[in-house]
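Every chain is numbered from 1 and lettered A, B, ... according to where its sequence line falls, protein lines coming before strand lines.
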Amino acid sequence: MQYWLMKSEPDEVSIDDLAKAPKQTVPWFGVRNYQARNYMRDQMQVGDLVFFYHSSCPEPGIAGIAKVSAPAHTDDTQFDVKSPYYDKASKKDSPRWACVDVKFVQKTDLMSLDQLREHKALEGMIVLKRGNRLSITPVSAPEWKFIAKKLMGVDLAA
DNA sequence: GCCAACGTTGGC
DNA sequence: GCCAACGTTGGC
């Protein structure tokens with residue numbers, strides 16, 4: 001069981017879109033970076049928990065929680081000529097790109113990038129590192145617990 | 001829309 | 001296998 005942070009552009013798939021999706025589940029299509037693909041293909045397991053992060057938007061930050069609901073499988077968009085994720089170099093008999101399925105768990109108050117940066121406990125987070133562009137990054141158990149506690153709200157903890 | 005950072009491509 | 005050029009990411 002591991003923890004992850006997955007970036008999505010809310011214009012494409014937001015936490016609300018995930019909540020409204022059939023079975024509240026979407027395939028995490030469109031990853032075209034080998035390291036991120038390898039995380040999905042080699043390390044992610046069903047049941048792993050995910051911070052759903054909104055990127056490239058007015059308020060970047062963690063917007064909710066999801067979980068991995070299916071192991072890595074072929075990303076169909078690589079063969080779709082009309083998709084922005086089409087990859088003409090990918091062969092049907094040896095697909096280059098894979099993705100897991102992700103299922104909605106809950107929406108949370110946004111924990112913004114600025115807020116994430118405020119906490120010493122989170123300074124090691126990969127997503128906060130200068131120049132980081134990886135769309136999928138592992139989250140340590142202490143980081144997960146720290147953030148989850150904030151997201152669940154001070155009121156509930158009191 | 002800018003641009004720093006960094007991954008990928010392709011010529012050699 | 002080096003590395004310059006190019007393309008993409010993503011915060012601002």
Side-chain angles (χ1 to χ4, degrees), chain A residues 2-21 25-44 48-68 71-140 142-144 146-151:
Chain A
Q2 287 183 257
Y3 302 105
W4 304 94
L5 181 144
M6 300 175 86
K7 295 180 189 173
S8 181
E9 300 189 13
D11 284 350
E12 184 155 35
V13 182
S14 69
I15 188 73
D16 291 326
D17 295 331
L18 183 62
K20 284 182 291 191
T25 298
V26 295
W28 204 261
F29 61 84
V31 169
R32 295 294 179 265
N33 168 282
Y34 290 106
Q35 199 176 347
R37 178 204 66 182
N38 292 348
Y39 281 141
M40 289 197 283
R41 191 188 61 187
D42 305 332
Q43 292 191 234
M44 282 191 177
D48 281 3
L49 288 167
V50 174
F51 287 134
F52 193 106
Y53 181 96
H54 285 174
S55 71
S56 295
C57 59
E59 284 193 296
I62 293 170
I65 294 172
K67 66 182 176 186
V68 176
H73 54 82
T74 300
D75 177 347
D76 294 326
T77 62
Q78 71 196 295
F79 300 121
D80 179 356
V81 183
K82 282 173 285 188
S83 167
Y85 302 114
Y86 177 64
D87 181 355
K88 67 177 190 297
S90 183
K91 301 281 188 295
K92 279 265 186 188
D93 54 2
S94 63
R96 180 179 289 185
W97 305 111
C99 61
V100 297
D101 285 355
V102 166
K103 184 175 168 67
F104 179 80
V105 173
Q106 68 178 93
K107 186 178 178 177
T108 63
D109 287 344
L110 187 89
M111 187 157 176
S112 71
L113 187 55
D114 284 347
Q115 288 173 290
L116 291 169
R117 289 193 201 283
E118 283 171 12
H119 300 292
K120 186 97 175 154
L122 303 179
E123 68 184 7
M125 285 190 80
I126 297 166
V127 75
L128 302 182
K129 298 242 155 105
R130 178 183 175 81
N132 167 69
R133 300 183 340 187
L134 251 190
S135 63
I136 299 176
T137 52
V139 173
S140 75
E143 288 161 357
W144 178 276
F146 184 92
I147 296 170
K149 199 170 178 179
K150 298 271 179 204
L151 293 178

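For the OP1/OP2 pair of C:dT8 and a distance below 4.0 Å, the side-chain nitrogens and oxygens of A:Y85 include no atom meeting the criterion. For the pair A:K7 and C:dG10, the criterion of a side-chain N or O lying under 4.0 Å from OP1 or OP2 is met.
Atom CD in A:Q35 sits about 9 Å away from atom P in B:dT8, given to the nearest Å. Spacing between atom CG of A:D87 and atom P of B:dT8 amounts to 12 Å, rounded to whole angstrom units. If you take CD of A:E9 and P of C:dG10, they are 7 Å apart, rounded to a whole angstrom. In this structure, OH of A:Y53 is placed 15 Å from P of C:dT9, rounded to the nearest angstrom. In this structure, A:H54 atom NE2 and C:dG10 atom P are separated by 14 Å, rounded to whole Å. For the pair A:D114 CG and C:dC12 P, the computed distance is 6 Å after rounding to whole Å. Straight-line distance from the CZ atom of A:R133 to the C1' atom of B:dC3: 12 Å, rounded to whole Å. Across the protein-nucleic acid pair, A:W97 atom CH2 and B:dT8 atom P stand 7 Å apart, rounded to whole Å.
For a distance-only test at 3.5 Å, the side chain of A:R32 fails to qualify as a donor-acceptor partner of the base of C:dT8.
For the residue pair A:D101/A:W28, the side-chain donor-acceptor check at 3.5 Å is not satisfied. Side-chain contact of A:S112 with A:E59: a donor-acceptor pair under 3.5 Å is absent, judged by distance alone. In this model, a donor atom of one side chain and an acceptor atom of the other lie less than 3.5 Å apart for A:T77 and A:D75.
Closest to the side chain of A:S55, from the set C:dC12, B:dC6, C:dG10, is C:dG10. Side-chain atoms of A:S135 lie closest to C:dG10 of the nucleotides C:dC12, B:dG7, C:dG10.
Side-chain atoms of A:T74 do not come within 3.5 Å of backbone N or O of A:D76 as any donor-acceptor pair. In this structure, the side chain of A:S83 engages the main chain of A:Y85 through a donor-acceptor pair within 3.5 Å.
Two residues are said to be in side-chain contact when any heavy atoms from C-beta on lie closer than 4.5 Å; A:M44 and A:M6 meet this criterion. Contact annotation: the side chain of A:I126 approaches that of A:P138 to within less than 4.5 Å [non-hydrogen atoms, C-beta and beyond].
The stretch residues 56-65 of chain A touches DNA chain C through A:S56, A:P60, each having a heavy atom under 4.0 angstrom from the strand.
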